[in-house]
Amino acid sequence: MTTPTLLSVPTVVFDTLGGPEVLQTKELDLAAPAPGQLLIRVEALGLNRAEALFRAGTYYYRPTLPGSRLGYEAAGVVEAVGEGVTAFAPGDPVMTGPGIEMGAQGVYAERIVLPESAVVARPAGIDAVTGAAAWLTYTTAYGGLLETAGLRPGDHVLITGASSGVGTAAIQVARRIGAIPLATTRTAAKRAELLALGAEHVIVTDEQDLAAETERATGGRGAEVLFDAIGGPDLPERAGGRTCPRASSTARPRTSSSSTPATTTRSSGTAGSPRSRTA
């Protein structure tokens, strides 16, 4: 039996790979939610590096062309639910979460239908704009720092690209559990903002030596954990073997906003004997 069409919805799609110029807005038919699905009226969208990479064909999976959709993160309000949905009801504030395949389920549209498993309740007091910017950055930071590296209270963690979305999330996650975040940024213009977010020390890499400043900020012991979302395999050498043991990034990301997953490394405190993992 054919599922009845609910309405026609403006939706962002693209037929060829490229820059923002390949994006089009088209009216697509949206079916009523099937069993286990929700209809969501979108109020805000999150913009991530993942979407730019996916659109260009350089993400860890590729779009299905023509007519690929786009977008991981959105926040809005439930308008209807399919049979069997018990965790949500019409009127509930929500945000999109895990398990979205952008080509078929991309959220850049005025209304979307998603499985219940891809939707997360939006807590009271969290507006749509904040909700749309929370999932990818904070789950990437939390997963890398706590679940992979085993960050502990009192640990020093060196966070590269700390003014990025994932970087700012990593600062806050580290500070929340009692760890000591050391943030890197290229210019001094963002120092005050990073300190306000909770960084214990900010290293301006265009002006300061990364390894020397890390050693100084940690009293010579080095950082126990390196959270590297941008530097790739060369960063440990640039940061100093004691501070950031040798690590490489080879695994496919699950929630990362990059085509290259964040490298999260735990140091034993001496060069040559690291305990390292890749998130």
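Scope of the values below: all heavy atoms of this structure, side chains included, with no hydrogens, waters or symmetry mates.
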For the student: nearest non-hydrogen atoms of Ala149 and Val225, plus distance | CB-CG1, 3.9 Å
Linking I/L/V/M/F/W/Y whenever their side-chain heavy atoms sit closer than 4.5 Å, directly or via other members, would Val13 and Phe54 fall into one cluster?
-> no
Between the main-chain N or O of Ser8 and the side-chain N or O of Asp29, is there a donor-acceptor pair closer than 3.5 Å?
-> no
For side chain to side chain contact (heavy atoms under 4.5 Å, CB included), just list the numbers for Val12 and Arg55, CA-CA rounded to whole Å, side-chain angles, deciding distance to a tenth of an Å, and then say yes or no.
-> CA-CA 11 Å; Val12 174; Arg55 183 193 66 222; over 6 Å; no
Taking all heavy atoms of Leu45 and all of Ala74, pick out the closest pair and write down the distance.
-> CD2-CB, 3.8 Å
Distance (rounded to the nearest 0.5 Å) between Tyr138 OH and Leu136 CG = 12.5 Å
Any side-chain heavy-atom pair from Val9 and Leu28 closer than 4.5 angstrom?
-> no
Leu182/Thr218 under side chain to side chain contact (heavy atoms under 4.5 Å, CB included): CA gap, chis, key distance, verdict = CA-CA 9 Å; Leu182 312 177; Thr218 60; 3.7 Å; yes
Between Ala75 and Ala132, the two heavy atoms sitting closest are CB-N, 3.7 Å
Taking all atoms of both residues into account, what is the closest heavy-atom pair of Leu145 and Ala170, and its distance?
-> CD1-O, 3.7 Å
Is any side-chain heavy atom of Ile126 less than 4.5 Å from a side-chain heavy atom of Met95?
-> no
Do side-chain atoms of Thr168 reach the backbone of Gly165 as a donor and acceptor pair under 3.5 angstrom?
-> yes
Can Val81 and Leu38 be said to form a side chain to side chain contact (heavy atoms under 4.5 Å, CB included), step by step?
-> CA-CA 4 Å; Val81 300; Leu38 292 80; 4.2 Å; yes
Is there a donor-acceptor pair under 3.5 Å between the side chain of Gln208 and the backbone N or O of Glu213?
-> no
Does atom CD of Glu207 have more than 12 heavy-atom neighbours, drawn from other residues, nucleotides or ligands, at distances under 6.0 Å?
-> yes
Going only through I, L, V, M, F, W and Y residues with side-chain contacts under 4.5 Å, is there a path from Leu47 to Met102?
-> yes
Rounding to 0.5 Å, atoms CD1 (Ile203) and CD1 (Ile159) come to a distance of 10.5 Å
Gap between atom NE2 of His201 and atom CD1 of Ile180 - 0.5 Å precision = 12.5 Å
Among Glu193, Arg191, Lys190, find the one that has a side chain to side chain contact (heavy atoms under 4.5 Å, CB included) with Ser163.
-> Lys190
Answer with yes or no whether the hydrophobic clustering places Val77 together with Val120; edges join I, L, V, M, F, W, Y residues whose side-chain heavy atoms lie under 4.5 Å apart.
-> no
Would you give the length of the straight line joining atom CD of Gln24 to atom CG of Leu70, rounded to the nearest 0.5 angstrom?
-> 12.5 Å
Side-chain (Glu51) to main-chain (Tyr72) donor-acceptor, under 3.5 angstrom | yes
Side-chain donor/acceptor of Arg186 to backbone N/O of Thr205, under 3.5 Å = no
Smallest separation among heavy atoms of Asp15 and Gly67, with atom names | OD1-N, 2.8 Å
Polar side-chain atom of Arg175 near backbone of Pro181 as donor-acceptor pair, under 3.5 Å | no
Quick one: CG on Leu146 to CD1 on Ile177, what's the gap to the nearest 0.5 Å?
-> 4.5 Å
Is there side-chain contact between Val107 and Val42, with heavy atoms separated by less than 4.5 Å?
-> no
Test log, rule side chain to side chain donor-acceptor pair (under 3.5 Å), inputs Asp228 and Thr160 | CA-CA 5 Å; Asp228 172 28; Thr160 65; 3.1 Å; yes
Are Leu195 and Val173 connected in the hydrophobic side-chain network, where two residues link if heavy atoms are under 4.5 Å apart?
-> yes
For Gly103, does its backbone N or O pair with a side-chain atom of Tyr61 as donor and acceptor, under 3.5 Å?
-> no
Does some side-chain heavy atom of Tyr108 sit less than 4.5 Å from a side-chain heavy atom of Thr25?
-> no
Test side chain to side chain contact (heavy atoms under 4.5 Å, CB included) applied to Glu43 and Asp127, step by step | CA-CA 10 Å; Glu43 296 178 328; Asp127 62 78; over 6 Å; no
For Trp135 and Pro98, which heavy atoms make the closest approach, and how far apart are they?
-> CZ2-CD, 3.4 Å
Scan Asn48, Thr137, Thr96 and name whichever one has a side chain to side chain donor-acceptor pair (under 3.5 Å) with Glu73.
-> Asn48
Side-chain touch Leu158/Leu226, heavy atoms, less than 4.5 angstrom = yes
Is the side chain of Ser117 donor-acceptor paired with the backbone N or O of Pro115 at a distance under 3.5 Å, no angle test?
-> no
Could you state the interatomic distance from OG1 (Thr11) to CZ (Arg111), rounded to the nearest 0.5 Å?
-> 11.0 Å
Could you check if a side-chain atom of Lys26 sits within less than 4.5 angstrom of a side-chain atom of Pro10, using non-hydrogen atoms only?
-> no
Is Tyr142 atom OH crowded by more than 12 heavy atoms from other residues, nucleotides or ligands, each under 6.0 Å away?
-> no
